[in-house]
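Structure, as structure tokens:
For this chain, numbers begin at 1 and follow the sequence in order.
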Amino acid sequence: MATEGPATRRVQVAEHPRLLKLKEMFNSKFGSIPKFYVRAPGRVNIIGEHIDYCGYSVLPMAVEQDMLIAVEPVKTQTLQLANTNPLYPDFSTSSNNIQIDKTKPLWHNYFLCGFKGIQEHFGLSNLTGMNCLVDGNIPPSSGLSSSSALVCCAGLVTLTVLGMNLSKVELAEICAKSERYIGTEGGGMDQSISFLAEEGTAKLIEFSPLRATDVKLPSEAVFVIANSCVEMNKAATSHFNIRVMECRLAAKLLAKYRGLQWGKVLRLEEVQTKLGVSLEEMLWITEDALHPEPYSPEEVCRCLGISLQELRTQILSPNTQDVPIFKLYQRAKHVYSEAARVLQFKKICEEAPDDTVQLLGELMNQSHASCRDMYECSCPELDQLVDICRKFGAEGSRLTGAGWGGCTVSLVPADKLTSFLANVHQAYYQRSDRNLTFEKQSLFATKPGGGALVFLEA
């Protein structure tokens with residue numbers, strides 16, 4: 001499956017209200033009709049938060065919400081982008097001079113990331129232009145990967161316009177790398193699930209090499225997504241990249257402590273692999289090697305035997321060079337324990353004991369506690385929403401996505417779903433002191449959806 005490219009489907013556009021509406025809007029915008037359409041889904045990460053960029057496996061599934069782009073290749077070398085949402089202004093640029101401004105995470109820059117990734121992969125200079133109309137129904141800055149879905153969608157659009165072929169794995173790797181043009185040092189989970197997802201199954205995504213394994217979720221429970229309505233944009237804030245650097249520094253200090261060549265070590269997983277020990281043993285080594293008190297940049301330099309200048313220019317990313325403290329112990333403890341929870345989650349799904357739902361729920365609860373206390377990527381609203389979800393029947397509930405806002409994911413026994421949705425709606429979204437515009441997309445049950453596709457009009 002993963003060795004093939006994304007599927008192409010012929011559809012009767014008139015039978016798909018969203019495609020039809022997009023076609024009509026495209027026609028009124030550009031005065032022509034689209035040649036094809038591309039979709040790429042968002043995702044919910046069930047467990048395994050902030051560990052993909054440390055080299056560890058994660059367990060997401062695609063959601064039905066997606067990015068949909070109508071496309072018409074044109075003879076000129078102009079890339080014209082428009083969005084069905086009036087909040088996102090039109091943009092046009094030369095297809096041969098793609099500039100991505102890292103200081104401004106504007107919507108069109110995510111499209112440009114995918115476009116540029118494919119362009120650079122094939123080493124092309126003279127690219128044809130295109131007219132594109134984007135329609136997304138993934139809530140933005142909600143932790144459901146709207147930005148990565150747009151990068152993936154743009155990558156597949158560009159590949160299709162060029163008439164080239166790549167496997168789903170190759171596409172995922174290119175799009176993961178190209179999203180870094182916007183300054184987000186992510187690990188590749190979001191792009192991988194967007195391409196590798198299959199209907200009806202979650203996926204264990206492993207890295208180096210990238211591969212995906214089906215994980216059958218329990219049929220007697222449902223995953224429910226609830227949006228805290230606190231928005232968090234990874235590319236606009238430094239929280240995310242600071243965590244990436246704290247993990248990198250922790251990996252280097254652990255490697256040095258155990259006598260490894262720490263200079264080339266970038267990820268916490270590399271330390272475990274080089275030492276040939278279990279995740280549990282890595283937690284013990286972390287206890288021995290690192291202290292819970294925060295590290296100053298000067299102390300990191302003393303531990304590694306390097307100058308402040310070397311730390312800033314050779315290890316830290318440009319937007320983390322002025323960070324005053326690093327919590328290395330806490331971040332490493334979270335990553336190694338969370339990596340173990342992912343593997344336990346998969347094992348329980350495979351073995352399917354009678355108390356599967358309770359066991360999985362407990363792992364999700366432990367994950368949230370670690371994200372809140374050790375990784376410090378929660379926020380008061382997420383913590384409150386998690387408590388409400390557990391109070392009204394969720395066996396497990398946790399933040400999902402980068403955190404600091406966005407969504408929770410809860411595991412709810414199927415027979416409690418109706419009362420759960422009604423109670424959570426009332427307790428979180430209808431409180432008088434909250435100025436929330438409740439949308440259908442704020443609280444919904446979800447099941448594993450399929451991956452990126454190209455649609456041609458039949």
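Contact record, Ser337 with His334: OG-O, 3.1 Å, taken as the closest heavy-atom pair. Residues Leu59 and Ala202 share a closest heavy-atom pair of CD2-CB, 3.9 Å. Minimum interatomic distance between Gln119 and Ser125 (heavy atoms only, all atoms of both residues): NE2-O, 4.1 Å. For Leu382 against Ser378, the heavy-atom pair with the smallest separation is CB-OG, 3.5 Å. Smallest separation of non-hydrogen atoms from Pro413 and Leu411: CD-O, 4.0 Å. Here the closest heavy-atom approach between residue Gly187 and residue Phe207 is recorded as O-CE2, 3.8 Å.
Around the CD atom of Glu199, the shell of radius 6.0 Å holds no more than 12 heavy atoms that belong to other residues, nucleotides or ligands. Shown here is Arg9, whose CZ atom has no more than 12 heavy atoms of other residues, nucleotides or ligands within 6.0 Å.
A salt bridge does not link Lys21 to Glu24: none of the charged nitrogens lies less than 4.0 Å from a carboxylate oxygen. Ionic pairing of Glu338 and Arg341 is present here: one or more N-O contacts between side-chain nitrogen and carboxylate oxygen are shorter than 4.0 angstrom. Classification of Asp135 and Arg18 as a salt-bridged pair holds, one side-chain N sitting under 4.0 Å from a carboxylate O. Residues Glu173 and Lys177 are not paired through a salt bridge, judged by the lack of any N-O separation under 4.0 Å between the basic side chain and the carboxylate.
Remark: the backbone N or O of Ile242 is not paired with any side-chain donor or acceptor of Asn319 at under 3.5 angstrom. Within the 3.5 Å criterion, the main-chain N or O of Leu266 finds a donor-acceptor partner in the side chain of Glu270. Between the side chain of Ser194 and the main chain of Asp190, no donor-acceptor pair closer than 3.5 Å is present. The backbone N or O of Ser367 sits nowhere less than 3.5 Å from a side-chain atom of Ser370 that would complete a donor-acceptor pair. Remark: the backbone N or O of Glu4 is not paired with any side-chain donor or acceptor of Ser167 at under 3.5 angstrom. A donor-acceptor pair is defined here as one N or O able to donate and one able to accept, closer than 3.5 Å; such a pair exists between the side chain of Ser192 and the backbone of Gly188. Proximity of a side-chain donor or acceptor of Asp52 to a complementary backbone N or O of Met189 within less than 3.5 Å is detected. At distances below 3.5 Å, not a single donor-acceptor pair connects side-chain atoms of Ser410 with backbone N or O atoms of Val412. In this structure, the side chain of Ser95 does not engage the main chain of Leu79 through any donor-acceptor pair within 3.5 Å. Not one N or O on the side chain of Tyr429 forms a donor-acceptor pair closer than 3.5 Å with the backbone of Leu443.
Considering Glu120, Lys116, Lys102 in turn, Glu120 is the only one that fulfils the side-chain hydrogen bond (donor to acceptor under 3.5 Å, both in side chains) rule with Tyr181. The only member of Arg267, Gln272, Glu269, Glu206 that meets side-chain hydrogen bond (donor to acceptor under 3.5 Å, both in side chains) when paired with Tyr56 is Gln272.
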Step by step, work out the side-chain contact (heavy atoms from CB on, under 4.5 Å) result for Val134 and Trp107. CA-CA 10 Å; Val134 177; Trp107 79 272; 3.8 Å; yes
side-chain contact (heavy atoms from CB on, under 4.5 Å) assessment of Ile46 paired with Phe223: CA-CA 9 Å; Ile46 298 170; Phe223 286 94; 3.6 Å; yes
Salt bridge (charged side-chain N to carboxylate O under 4.0 Å, His left out) between Glu246 and Arg243: does it pass, once the steps are laid out? CA-CA 5 Å; Glu246 286 175 317; Arg243 294 299 180 278; 3.7 Å; yes
Could you give me the CA-CA distance, side-chain angles and deciding distance for Asn97 and Gln99, then say whether side chain to side chain donor-acceptor pair (under 3.5 Å) is met? CA-CA 6 Å; Asn97 183 28; Gln99 304 290 326; 2.8 Å; yes
Decide yes or no on side chain to side chain donor-acceptor pair (under 3.5 Å) for His108 and Asn83, but give the supporting numbers first. CA-CA 9 Å; His108 61 255; Asn83 199 304; over 6 Å; no
Does the side-chain contact (heavy atoms from CB on, under 4.5 Å) test come out yes or no for Thr446 and Met61, once each step is laid out? CA-CA 10 Å; Thr446 189; Met61 66 181 183; 3.5 Å; yes
Could you walk me through whether Lys203 and Glu198 pass salt bridge (charged side-chain N to carboxylate O under 4.0 Å, His left out), step by step? CA-CA 8 Å; Lys203 295 278 186 180; Glu198 289 178 74; 2.6 Å; yes
Decide yes or no on side-chain contact (heavy atoms from CB on, under 4.5 Å) for Glu350 and Lys346, but give the supporting numbers first. CA-CA 6 Å; Glu350 285 169 348; Lys346 177 176 183 271; 2.7 Å; yes
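At a threshold of 4.5 Å between non-hydrogen side-chain atoms, the residues Leu106 and Asp101 do not count as touching. By the 4.5 Å heavy-atom criterion applied to side chains, Tyr88 and Pro140 are counted as neighbours. A 4.5 Å side-chain heavy-atom check between Ser317 and Met245 finds at least one atom pair inside the cut-off. No side-chain heavy atom of Ser145 sits less than 4.5 Å from a side-chain heavy atom of Ile138. Taking 4.5 Å as the limit, every side-chain heavy atom of Val157 sits out of range of all side-chain heavy atoms of Phe115. Taking the side chain as every heavy atom from C-beta outward, Phe444 and Glu64 never approach each other to under 4.5 Å. Two residues are said to be in side-chain contact when any heavy atoms from C-beta on lie closer than 4.5 Å; Ser147 and Glu179 meet this criterion. Within the 4.5 Å cutoff, side-chain heavy atoms of Leu166 are placed close to those of Phe122.
Rounding to the nearest 0.5 angstrom, the gap separating the CD1 atom in Ile388 from the NE2 atom in His425 is 12.0 Å. Between atom CG of residue Asn137 and atom CG of residue Asp66 there is a gap of 5.0 Å, rounded to the nearest 0.5 Å. Put simply, CD on Glu72 and NZ on Lys29 are 13.5 Å apart, with the number rounded to the nearest 0.5 Å. Atom CZ of Arg248 and atom CZ of Arg331 lie 16.0 Å apart (nearest 0.5 Å). Taking CG of Leu385 as the start and CG of Asn227 as the end, the distance is 8.5 Å to the nearest 0.5 Å. The OG1 atom of Thr408 sits 8.5 Å away from the CE atom of Met364 when rounded to the nearest 0.5 Å.
Ring centers of Tyr428 and Phe392: at least 6.0 Å apart, outside the cut-off. For Phe240 and His50, the ring centers are positioned less than 6.0 Å apart.
For Glu49, the side chain to side chain donor-acceptor pair (under 3.5 Å) partners at least two apart in sequence or on another chain are Asn45, Arg398.
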